[in-house]
Amino acid sequence: MALPLAAHVRPGRPAHAPVGERLNELLAVSRWPYTQPPMAKRIAELQDRTRFDPAEVEPRMTERWLSSGLFHPEPDGEASENYSIAIPPPNVTGSLHMGHALNGTIQDVLIRYRRMSGRRTKWILGTDHAGIATQAQVEKALAAEGTSRHELGREGFVERVWDWREHYGHAIVEQLKRLGASCDYSEERFTLDEGYARAVVEVFVRMYEKGYVYRDRYIVNWDPGSRSAISDLEVEERRETDTLYSIRYDLEGGGEVTIATVRPETMLGDTAVAVHPDDERYRALVGRSAILPLVGRHLPVIADEYVKMDFGTGQLKITPAHDPNDFEIGARHDLDQVSVIGEDGRMSAEAGERFAGLSVMAAREAVVAALREEGRIVAEEPYEHEVPYSHRSGQRIEPLISLQWFMDMSELAKPAIAAVNDGLVRVVPDNHRRVYLDWMAGIRPWCISRQLWWGHRLPVYYCDTCSHVHVASAPPERCAQCGGHLRQEEDVLDTWFSSALWPFATLGWPEQTPQLRAFYPTDVLSTARDILFLWVARMIMMGIELTGQVPFSDVYIHSVIQAPDGRRMSKSLGTGIDPLQEIERHGADAVRFGLLATSSTQDVRYSAEKVQQGQALANKLFNATRFALLRVHASLGAQAAAELEPEPLPSTVEDRWILSRLAQIESDTAARIEDYDFSHAALGLYDFVYRELCDWYLEIVKPRLPDLEPGEGHAPAPERERLAATLLHVLRQTVALCHPVIPFVTEELWSYLDGGGGLLAAAPYPCADESLTDLQAEVELERAIEAVVAVRGWRDSVGARAGAAIPARLCAEGYETVAPLLERMARLRLDGDGPAEAVASIAVPGGTIEVLSAEGLDLHAAERRRAAAREKIEAEIARVRGKLENPGFVAKAPASVVEGERERMRRLSAELEAL
RNA sequence: GGGCGCGUAGCUCAGUGGGAGAGCGCUCGCUUCACACGCGGGAAGUCGGUGGUUCGAGUCCACCCGCGCCCACCA
């Protein structure tokens with residue numbers, strides 16, 4: 001295998017470190033013993049493989065990759081010269097959905113591209129324990145068995161979850177292999193692994209010691225579904241229509257106030273009534289007392305600026321224990337907190353005998369009924385507002401006061417804001433940058449404790465005797481204060497607390513491991529925007545705080561894939577499309593291509609057509625290669641074919657043209673991948689393979705590389721060898737170029753194209769050879785193509801038989817080098833001689849083609865066509881003339897544009913003249 | 001309420017201030033010796049609307065209409 005080292009070094013970009021050494025290392029890996037039949041036999045078998053069959057090929061290629069060890073890099077070198085990506089860890093119980101498939105493909109393109117470009121690459125793989133989701137899933141299974149976590153007890157339950165993980169936790173990893181993802185499968189991480197857990201505890205302790213982590217009684221988003229507090233980010237607001245009740249409260253010593261609420265049941269916990277301090281209407285009320293209906297509690301009337309004078313009556317009930325705003329107001333005015341709703345989502349004893357034990361909704365009805373009986377409901381009206389729901393359990397959030405652990409984020413946010421502002425972390429596309437910055441600027445404390453059993457238990461120990469609180473990475477034996485017995489905190493940490501450490505905890509942090517040195521910081525974090533705050537922002541904050549470095553230099557936010565009808569893809573809506581099913585149907589290459597081609601800087605709809613297009617591309621490339629191999633072998637003989645060294649040896653204009661176009665697509669593709677412009681990368685490759693390579697180059701070149709059977713008139717053997725070398729060079733480069741996008745079919749084809757038996761995944765990525773750029777050849781061939789297309793259209797419109805060659809004369813400039821191919825591709829016979837009088841003429845760039853025989857042609861149609869062509873040219877001329885006669889245009893437009901229009905005018909005039 | 005984004009061919013979407021494009025679908029023709037998951041030809045568009053900037057606007061600006069998404073503590 002030829003190894004031009006220069007091919008690894010793209011001009012204008014830094015060569016990343018010991019390239020030669022790297023290559024050898026890669027090659028040692030790719031030369032693993034892979035026995036296959038001799039090439040001649042394989043080529044013969046290729047004769048019958050008229051289609052690319054993904055189901056047959058893909059498992060073989062996966063097997064080759066995995067057993068080669070290529071995906072596992074030794075932890076050598078420095079992170080700055082290596083390339084690494086930490087996969088967003090999927091939930092351990094999850095299965096591959098479209099988002100995973102797209103993100104997996106994107107990351108794999110980046111990884112494969114960098115690996116082929118000579119970088120030591122590591123794609124860090126692992127799964128997330130996903131506290132609430134996993135616990136809920138196992139609890140559901142237990143319920144089906146007629147038992148519950150409470151019956152099993154904490155230890156038994158956690159053991160059951162680990163069993164569950166053993167059984168179901170590997171599905172998604174296998175699915176990633178199916179997709180072709182080149183993760184380092186030999187070092188899979190899990191956020192609850194022993195080492196990882198040590199890192200989590202370490203971080204908690206450090207944050208506690210810095211004073212960021214604290215315990216507080218605070219109003220939290222209580223999720224009755226998971227029986228746990230959840231963070232603000234896990235709350236989703238839904239628009240709902242409720243009834244807004246206006247309720248009359250009597251004032252002590254006469255008078256009344258009227259408050260409005262959509263949650264009458266919470267009035268049982270009211271501890272004040274508030275008005276705005278500037279509200280003239282109610283100034284006299286401040287300082288008096290209202291009497292809470294049904295309860296009889298005396299409520300001070302207070303003044304607070306939070307109250308909107310122009311909303312409702314301007315009189316507001318205050319329930320500090322069950323409303324976040326009221327909680328704040330209560331704190332300002334030192335109000336009592338009366339909790340009338342419990343953690344089970346039912347009314348508590350404090351709600352009074354009449355209501356205790358009722359669900360919130362039942363209590364609402366009961367309270368309204370009771371108030372109505374007393375004639376206190378002044379008004380009822382439908383009211384649309386936002387209602388908080390748990391993103392996790394789907395249940396309505398119940399704000400209530402609870403003792404929880406929090407982390408203050410304000411200090412952590414500062415350097416994380418600076419990192420993005422200063423470009424240390426680049427956000428692509430850029431518009432997400434401001435979203436990040438806005439959120440970070442207003443960051444609030446993070447409730448990190450969860451009342452679950454599945455997760456990292458807080459390293460907090462309470463003394464039974466003196467209630468001293470110990471926070472330590474190793475459990476202390478006894479209370480340091482009084483020697484009393486210690487009890488560990490029951491709560492576990494929010495899953496995102498451990499996820500925030502992902503890029504470095506997976507590499508062995510806090511130990512200074514070789515892995516950490518080699519692969520941290522990582523290069524890019526690719527994800528959908530829904531976890532920008534939940535995860536990405538927190539990784540940046542924690543990364544900077546704990547390692548002193550940003551965890552990645554790029555954040556790439558990819559599209560969200562919607563159902564084809566534009567709705568959200570979801571199981572519950574029935575709008576989900578299973579990527580694995582699509583892979584079964586069309587092949588992994590097709591799905592990868594389709595997803596990349598669809599992806600964009602905004603949300604996109606799933607496109608079965610684009611997947612189809614990918615399948616077509618895989619098949620096309622397979623057949624193009626198959627054609628070239630079979631032809632070369634037939635034309636040169638097996639011996640010469642086996643000894644042939646593919647290299648660019650252009651002898652004709654089409655050779656120079658395709659090599660020039662190849663250089664172009666090579667630099668385009670590299671640039672697009674580096675710019676995260678995956679759709680154009682994929683579609684650009686499609687265009688190159690279809691249009692330039694297959695439709696034109698292969699078709700033009702066919703007669704130069706004959707099946708040798710008829711024997712007469714073949715090009716001499718050295719000419720055939722030059723063409724074969726060029727053709728195979730172009731195919732090798734094209735196949736390699738496509739590899740990051742469609743790895744399976746290209747790896748299979750490489751096993752035919754590469755004599756050395758190496759892996760394409762380890763081969764150098766093609767690099768544009770600028771010396772092969774040939775603008776002259778491009779101009780000449782573009783002109784020929786335009787002419788061929790014009791003649792074909794003309795032929796079709798006059799009913800020429802498909803195969804019949806038409807006698808004609810070329811009356812146009814600039815076809816010296818391309819006349820033979822024009823003749824053949826357009827099925828003309830350009831004898832030159834013949835009757836002087838043409839029967840018809842076809843407009844082509846730079847002139848016409850005169851048709852010399854009307855045999856079998858519909859000349860009326862030909863005339864109509866000629867007239868149409870003339871009309872089109874005239875219209876075009878009129879447009880250009882209009883421009884050129886506009887003094888403003890000539891005076892103000894750039895000279896090159898003006899000259900371009902003049903040139904066009906000359907060309908069009910010549911064509912019109914010729915017609 | 002604040003922010004971001006989108007309206008281009010029947011559908012899904014590209015489009016860099018200077019000749020409106022692709023894939024699919026539709027249609028006509030080809031059993032052309034790589035591929036019928038193929039090849040060749042064709043039809044199909046007041047680029048959401050109205051103004052403005054400019055020699056020139058699908059592209060830049062303003063407003064309007066329609067549709068998404070994110071953030072936000074008005075009962």
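Naming convention: chains lettered A, B, ... in sequence-line order (proteins, then strands); numbering from 1 in each chain.
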| query | Which value, in whole Å, describes the distance between the P atoms of nucleotides B/U50 and B/U16? | reply | 23 Å

| query | If we take the P atom in both B/G68 and B/C73, what is their distance in whole Å? | reply | 24 Å

| request: Look at all strands and tell whether A/P564 reaches a base, only sugar-phosphate, or nothing, counting heavy atoms closer than 4.0 Å. | output: nothing

| task | Classify the nucleic acid contact of A/D695 as base, sugar-phosphate or nothing, counting any heavy atom under 4.0 Å across all strands shown. | result | sugar-phosphate

| request: Rounded to whole angstrom, note down the P distance from B/C63 over to B/C26. | output: 44 Å

| message | By the 4.0 Å heavy-atom rule, please label A/E386 as base, sugar-phosphate, or nothing. | response | base

| message | Any base atoms under 4.0 Å from A/H586, or only sugar-phosphate, or nothing? Heavy atoms, all strands. | response | nothing

| Just checking, A/R42 and A/Y752: is the charged tip under 6.0 Å from the six-membered ring centre and within 45° of the axis? | yes

| task | Name the nucleic acid region contacted by A/F622, choosing base, sugar-phosphate or nothing; use a 4.0 angstrom heavy-atom cut-off, strictly under. | result | nothing

| Does A/R281 pair with A/D279 as a salt bridge, N-O distance under 4.0 Å? | yes

| message | Counting neighbours of CD on A/E56 that are heavy atoms of other residues, nucleotides or ligands and sit closer than 6.0 Å, is the number greater than 12? | response | yes

| query | Looking only at atom P, what distance separates B/C24 and B/G48, rounded to whole Å? | reply | 25 Å

| request: Under 4.0 Å between any heavy atoms, over every strand shown, what does A/K702 touch: base, sugar-phosphate, or nothing? Just pick one. | output: base

| request: Establish, yes or no, whether a centroid distance under 6.0 Å links the rings of A/Y218 and A/F327. | output: yes

| field | Separation between the C1' atoms of B/G15 and B/G58, rounded to whole Å | value | 8 Å

| field | Nucleic acid contacts of residues 791-803 of chain A, taken as heavy-atom distances under 4.0 Å to RNA chain B | value | A/R792, A/G793, A/D796

| Between A/F52 and A/R865, which has a closest nucleotide on RNA chain B that is more 5'? | A/F52

| field | Watson-Crick/G-U partner (both atom distances under 3.5 Å) of B/C11 | value | B/G23

| task | May I ask you to check whether over 12 heavy atoms, not counting those of A/R332, lie within 6.0 Å of atom CZ? | result | yes

| message | In whole Å, measure the gap between the C1' atoms of B/G23 and B/G56 for me. | response | 31 Å

| task | Report yes or no: is the cationic atom of A/K308 (NZ for Lys, CZ for Arg) under 6.0 Å from the centre of the six-membered ring of A/Y306, at an angle within 45° of the ring normal? | result | yes

| query | Contact class for A/F533 vs. all strands (heavy atom < 4.0 Å): base, sugar-phosphate, or nothing? | reply | sugar-phosphate

| task | Would you classify A/R51 as touching base, sugar-phosphate or nothing, given that sugar-phosphate means primed atoms plus P, OP1 and OP2, and contacts are heavy atoms under 4.0 Å? | result | base

| note | The first and last nucleotides of RNA chain B lying within contact of chain A, meaning any atom under 4.0 Å from one of its heavy atoms, run from B/G3 to B/A75

| Separation between the C1' atoms of B/G42 and B/U53, rounded to whole Å | 40 Å

| Near RNA chain B, which residues from residues 595-607 of chain A have a heavy atom under 4.0 Å away? | A/S600, A/Q602, A/R605

| field | Backbone of A/S246 reached by a side-chain donor or acceptor of A/T258 within 3.5 Å | value | no

| request: Scan every strand shown for a Watson-Crick or G-U wobble partner of B/C67, both distances under 3.5 Å, and answer none if you come up empty. | output: B/G5

| query | With a 4.0 Å cut-off, would you call A/E748 and A/R49 a salt bridge? | reply | yes

| query | Using a cut-off of 4.0 Å on non-hydrogen atoms, how would the nucleic acid contact of A/R585 be classed: base, sugar-phosphate, or nothing? | reply | nothing

| message | Can you confirm whether A/D668 sits close enough to A/Q664 that some side-chain heavy atom of one is under 4.5 Å from a side-chain heavy atom of the other? | response | yes

| query | Does a side-chain N-to-carboxylate-O contact under 4.0 Å join A/R672 and A/D675? | reply | no

| Contact class for A/E699 vs. all strands (heavy atom < 4.0 Å): base, sugar-phosphate, or nothing? | base

| request: Determine the contact category for A/A624: base if any of its heavy atoms lies under 4.0 Å from a base atom, sugar-phosphate if only primed atoms, P, OP1 or OP2 are that close, otherwise nothing. | output: base

| said: Would you say NE2 of A/H391 has more than 12 non-hydrogen atoms from neighbouring residues, nucleotides or ligands within 6.0 angstrom? | reply: no

| said: Both A/D687 and A/L698 contact RNA chain B. Taking the nearest nucleotide for each, which residue is further toward the 5' end? | reply: A/D687

| task | Please determine if A/K620 forms a cation-pi arrangement with A/Y690, meaning its NZ or CZ atom is less than 6.0 Å from the six-membered ring centre and no more than 45° off the ring axis. | result | yes

| said: Which nucleotide, if any, forms a Watson-Crick or G-U wobble pair with B/C55, using both distances under 3.5 Å? | reply: B/G18

| said: Under 3.5 Å for both donor-acceptor distances, Watson-Crick or wobble: does B/U31 have a partner, and if so which one? | reply: none

| task | Pick the P atom in B/G1 and in B/G17, then give their distance to the nearest Å. | result | 35 Å

| message | Please determine whether the number of non-hydrogen atoms from other residues, nucleotides or ligands lying under 6.0 Å from atom CZ of A/R879 exceeds 12. | response | yes

| task | Name the nucleic acid region contacted by A/Q615, choosing base, sugar-phosphate or nothing; use a 4.0 angstrom heavy-atom cut-off, strictly under. | result | base

| field | Euclidean distance, A/E386 CD relative to A/R239 CZ, rounded to 0.5 Å | value | 4.5 Å

